[in-house]
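Reading through the structure tokens given below for one structure.
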Amino acid sequence: MEDLRICPVDEGNWRQLIALEPAERQKRFIESNHVSLLESVFDKENSWTCYGLFRGETAVGFMMIGAENSEEGYIWLDRFMIDKNHQAQGLGSAFVQKAIDYITAHFDVSEIVLSVTKENEKAKQFYEKQGFINSGLIDPEYDEEIFTYRM
């Protein structure tokens, strides 16, 4: 896929990004982009950075990267979503690979970690297709299954 970009959220694109929404059936599995942006401002401990996923000039998705642990060599990929109007076009898979490439280029880590709601079977299958492995661990804060990607 051509012209796919990952851009940090800024004063010029944040309104586009908070307007993005998952499909109705997915809303119970992910926090809104509004909440994620607030978390990136106020959760100083985890140093979250929010990013827009763009196809050309059109915002099509959103993600957060943060909670880096340099001693253990991992970082979290969180709140990854593709807008309901842009799903089923291969953008999710393309942007997961772009996110892996971005993390590899910008962070000195050997592992990417993410968590998935236990009931979200489609997301678990999606991440496994992208090379993530269910670690068998549970995130105690959100009671979600932890998946890892070794780089």
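Residue numbers start at 1 and run along the sequence shown. This structure is a prediction, so every number in the text was calculated from the model and none was measured.
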Ionic contact status for [Y] with [X], cut-off 4.0 Å:
| X | Y | result |
| --- | --- | --- |
| Lys124 | Glu145 | yes |
| Arg79 | Glu39 | yes |
| Lys118 | Asp143 | yes |

Do [X] and [Y] make a side-chain contact, defined as non-hydrogen atoms from C-beta onward lying under 4.5 Å apart?
| X | Y | answer |
| --- | --- | --- |
| Leu53 | Ile82 | yes |
| Leu114 | Tyr127 | yes |
| Phe62 | Ile30 | no |
| Phe95 | Leu4 | yes |
| Trp48 | Ser36 | no |
| Asp78 | Met63 | no |
| Phe107 | Glu68 | yes |
| Ile103 | Ile65 | yes |

Checklist entry - Under the side chain to side chain contact (heavy atoms under 4.5 Å, CB included) criterion, do Arg5 and Glu57 qualify, and how do the steps go? => result CA-CA 9 Å; Arg5 301 177 295 119; Glu57 297 303 312; 3.8 Å; yes
Hydrophobic cluster membership, [X] vs [Y], 4.5 Å side-chain cutoff:
| X | Y | answer |
| --- | --- | --- |
| Tyr51 | Val113 | no |
| Tyr149 | Val109 | yes |
| Leu77 | Phe126 | yes |
| Phe54 | Met81 | yes |

Using modelled atom types and a 3.5 Å cut-off, is there a donor and acceptor pairing between side-chain atoms of [X] and backbone atoms of [Y]?
| X | Y | answer |
| --- | --- | --- |
| Ser135 | Leu137 | yes |
| Ser32 | Val35 | yes |
| Asn33 | Leu17 | yes |
| Gln97 | Ser93 | no |
| Asn120 | Thr117 | no |

Checklist entry - Taking Glu24 as the fixed residue, which of Lys27, Arg28, Gln26 is the one that meets the side-chain contact (heavy atoms from CB on, under 4.5 Å) rule? => result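 That would be Lys27.
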Checklist entry - Between Leu37 and Val9, does a side chain to side chain contact (heavy atoms under 4.5 Å, CB included) hold up when you go through it step by step? => result CA-CA 9 Å; Leu37 283 171; Val9 175; 3.7 Å; yes
Checklist entry - Rounded to the nearest 0.5 Å, what separation is found between the CG atom of Asp139 and the CD atom of Glu144? => result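 Reported value, rounded in 0.5 Å steps: 6.0 Å.
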Item to check | Separation of Glu21 CD from Asn85 CG (nearest 0.5 Å) | outcome: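 Asn85 atom CG to Glu21 atom CD measures 9.0 Å (nearest 0.5 Å).
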For the residue pair [X] and [Y], what are the closest heavy atoms and their distance?
| X | Y | result |
| --- | --- | --- |
| Asn13 | Pro8 | ND2-O, 3.2 Å |
| His86 | Ala59 | NE2-O, 4.0 Å |
| Cys50 | Met64 | SG-CG, 3.5 Å |
| Leu20 | Asp83 | CA-OD1, 3.3 Å |
| Ala123 | Val116 | CB-CG1, 3.8 Å |
| Glu111 | Met151 | N-SD, 4.3 Å |

Checklist entry - Is there a side chain to side chain contact (heavy atoms under 4.5 Å, CB included) between Arg55 and Asp3 once you walk through the steps? => result CA-CA 6 Å; Arg55 185 177 205 174; Asp3 205 19; 5.6 Å; no
Item to check | Heavy atoms from other residues, nucleotides or ligands near CG of Asp108 exceed 12 (cutoff 6.0 Å) | outcome: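 Atom CG in Asp108 is not crowded, with 12 or fewer foreign heavy atoms closer than 6.0 Å.
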Next on the checklist: In this structure, is the centre-to-centre distance between the rings of Phe132 and Phe147 below 6.0 Å?
Outcome noted: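 Aromatic pair excluded; centres sit 6.0 Å or further apart.
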Checklist entry - Would Tyr102 and Lys98 count as a side chain to side chain contact (heavy atoms under 4.5 Å, CB included) if you check the C-alpha gap in whole Å, the side-chain angles of each, and the deciding distance to 0.1 Å? => result CA-CA 6 Å; Tyr102 185 90; Lys98 280 208 153 306; over 6 Å; no
